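The structure appears below as structure tokens.
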Amino acid sequence: MDPNAKDSQGYQGNPFSTLGDWGNLHSDRRVLDLNVLLLGDRQSGRSSVGNALIGGQEFPTGTCVSGVAVTTECQLLCRTFQSFFRRKGEETDLRLRVIDTPPLPCPSQLRQSVCRLSPEGVHVVLLVVRADLPYDNPQLAQCAQTLFGPDWFRHALLVLTHVDHLREAGLKPSLYITQTSDSLRALADTVGGGALFLDNGSDWPVITGKPLRERLLSLSAGNHHCAMKMTGGDDLAVSNPLNNLLQPSVSLP
């Protein structure tokens with residue numbers, strides 16, 4: 001547990017659950033709220049990335065049994081990190097509201113679930129992909145586009161998990177992107193936050209959580225901490241680099 005994270009109590013609900021009535025924060029403290037959405041395939045490590053963000057183990061993780069994913073419905077967890085950064089010369093708390101989602105393809109009710117859990121919108125989308133498995137799946141970009149429209153990539157960060165397997169194979173993470181598939185390299189080049197590597201060691205939520213929080217804070221700041229609202233339709237006309245991401249065989253120019 002991060003020593004600067006304020007503890008909380010959990011609340012259970014169906015189909016939503018929330019960790020975090022942080023309450024009792026002094027009214028004179030400056031707090032920045034960031035809403036973060038996790039998207040990824042089955043067993044990609046979405047929930048583990050969520051645990052790294054909040055500095056705990058509250059998101060359930062494990063191996064799917066009989067094809068049933070561990071995460072079957074949206075779950076919201078919150079955590080406040082006191083005095084995480086300085087804003088306009090004043091110490092400011094960072095309050096993360098992290099939404100874990102079922103695996104791709106996007107379930108039909110995902111839009112309604114995210115709108116209910118985060119009606120004010122989403123500041124950062126984390127696209128979670130396993131680095132130790134081949135990637136050639138346009139559904140990840142398509143899901144983000146369907147939810148947020150053609151500018152989603154400005155608010156997105158690619159998180160590559162299971163990097164420990166790359167090291168075991170003698171491949172440096174810094175060289176991985178240059179040798180991976182065209183579609184994954186295009187995705188890494190397009191998203192506003194770039195790519196971040198996380199290994200899945202037993203202590204990784206504590207060790208890698210802060211760099212991950214710092215990266216998404218920087219990404220959100222670049223977007224002036226503006227949240228994306230859900231779009232109204234499922235089929236969107238796209239006139240940006242996403243066109244190429246939806247065709248994995250074509251590389252970005």
Side-chain angles (χ1 to χ4, degrees), residues 1-10 17-22 25 29-40 43-62 70-71 74-87 91-101 117-118 122-132 155-167 173-174 176 188 191-223 225:
M1 182 70 68
D2 190 310
N4 292 320
K6 192 173 179 64
D7 200 3
S8 71
Q9 294 181 347
S17 64
T18 303
L19 175 74
D21 175 11
W22 295 105
L25 284 177
R29 294 189 67 89
R30 295 178 62 88
V31 180
L32 174 67
D33 291 292
L34 291 184
N35 301 325
V36 182
L37 183 68
L38 303 169
L39 295 176
Q43 296 291 292
S44 60
R46 299 179 318 283
S47 300
S48 294
V49 171
N51 283 331
L53 278 172
I54 64 175
Q57 297 287 349
E58 285 84 354
F59 281 116
T61 60
V70 176
T71 302
C74 289
Q75 183 180 23
L76 169 66
L77 299 181
C78 307
R79 180 141 290 152
T80 298
F81 298 87
Q82 295 186 349
S83 303
F84 189 79
F85 67 108
R86 297 186 68 85
R87 191 182 189 192
E91 288 192 348
T92 303
D93 297 346
L94 175 64
R95 180 161 51 211
L96 293 181
R97 305 178 73 254
V98 182
I99 303 174
D100 194 9
T101 62
L117 290 171
S118 185
V122 171
H123 298 89
V124 177
V125 177
L126 296 187
L127 308 178
V128 184
V129 174
R130 288 187 64 142
D132 62 327
H155 298 256
L157 168 64
L158 175 63
V159 181
L160 295 160
T161 61
H162 295 271
V163 178
D164 45 313
H165 293 293
L166 298 184
R167 296 193 181 96
S174 59
Y176 170 79
V191 293
L196 184 69
F197 293 88
L198 297 179
D199 69 45
N200 285 59
S202 59
D203 55 356
W204 76 297
V206 175
I207 293 177
T208 64
K210 186 175 181 180
L212 181 55
R213 290 189 288 272
E214 290 174 341
R215 179 73 72 89
L216 66 84
L217 176 61
S218 176
L219 174 61
S220 181
N223 291 308
H225 300 305

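Predicted model, so just to flag it, every value in this text is computed and none were measured.
Scanning all heavy atoms of the two residues, the minimum distance from Asp93 to Ser83 falls at OD1-N, 2.7 Å. The two residues Cys74 and Thr101 make their nearest non-hydrogen contact at SG-CG2, 4.1 Å. The shortest heavy-atom contact between His162 and Ser44 is CD2-O, 4.3 Å. Closest approach of Val191 to Leu158, counting heavy atoms only: CG2-N, 4.0 Å. Leu212 approaches Ala52 most closely through the heavy-atom pair CD2-CB, 4.4 Å.
Among the candidates Val125, Val124, Leu34, the single residue satisfying the side chain to side chain contact (heavy atoms under 4.5 Å, CB included) test with Leu219 is Val124.
The CZ atom of Arg29 lies 9.0 Å from the OG1 atom of Thr92; values are rounded to the nearest 0.5 Å. Of the inter-residue distances, the one linking Arg95 atom CZ with Phe81 atom CZ reads 12.5 Å to the nearest 0.5 angstrom. Between atom CG of residue Leu117 and atom CG of residue Leu76 there is a gap of 5.5 Å, rounded to the nearest 0.5 Å. Thr80 contributes atom OG1, which lies 10.5 Å from atom CZ of Arg97 (distance to the nearest 0.5 angstrom). Atom CG of Leu157 sits about 8.0 Å away from atom CG of Leu127, to the nearest 0.5 Å. Atom CZ of residue Phe59 and atom CG of residue Leu77 lie 3.5 Å apart, to the nearest 0.5 angstrom.
Looking at heavy atoms from C-beta onward, Arg130 lies in side-chain contact with Thr161 at the 4.5 angstrom threshold. You'll find the side chain of Glu214 reaches within 4.5 Å of the side chain of Phe84, heavy atoms only. Looking at Val49 and Val98, their side chains never come closer than 4.5 Å, going by heavy atoms from C-beta outward. At a threshold of 4.5 Å between non-hydrogen side-chain atoms, the residues Asn223 and His123 do not count as touching. Proximity of Arg213 to Leu53: side-chain heavy atoms (C-beta onward) are separated by under 4.5 Å at one or more points. Taking 4.5 Å as the limit, some side-chain heavy atom of Leu217 sits within range of a side-chain heavy atom of His225. The shortest side-chain heavy-atom distance between Gln75 and Glu58 does not fall under the 4.5 Å cut-off.
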Inset, instruction - Any chance you could lay out the side-chain contact (heavy atoms from CB on, under 4.5 Å) test for Gln57 and Asn51, step after step, and finish with the verdict? - result: CA-CA 5 Å; Gln57 297 287 349; Asn51 283 331; 3.7 Å; yes

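For Ser118, the side chain to side chain donor-acceptor pair (under 3.5 Å) test picks out Asn35, with sequence neighbours left out. For Arg215, the salt bridge (charged side-chain N to carboxylate O under 4.0 Å, His left out) test picks out no residue, with sequence neighbours left out.
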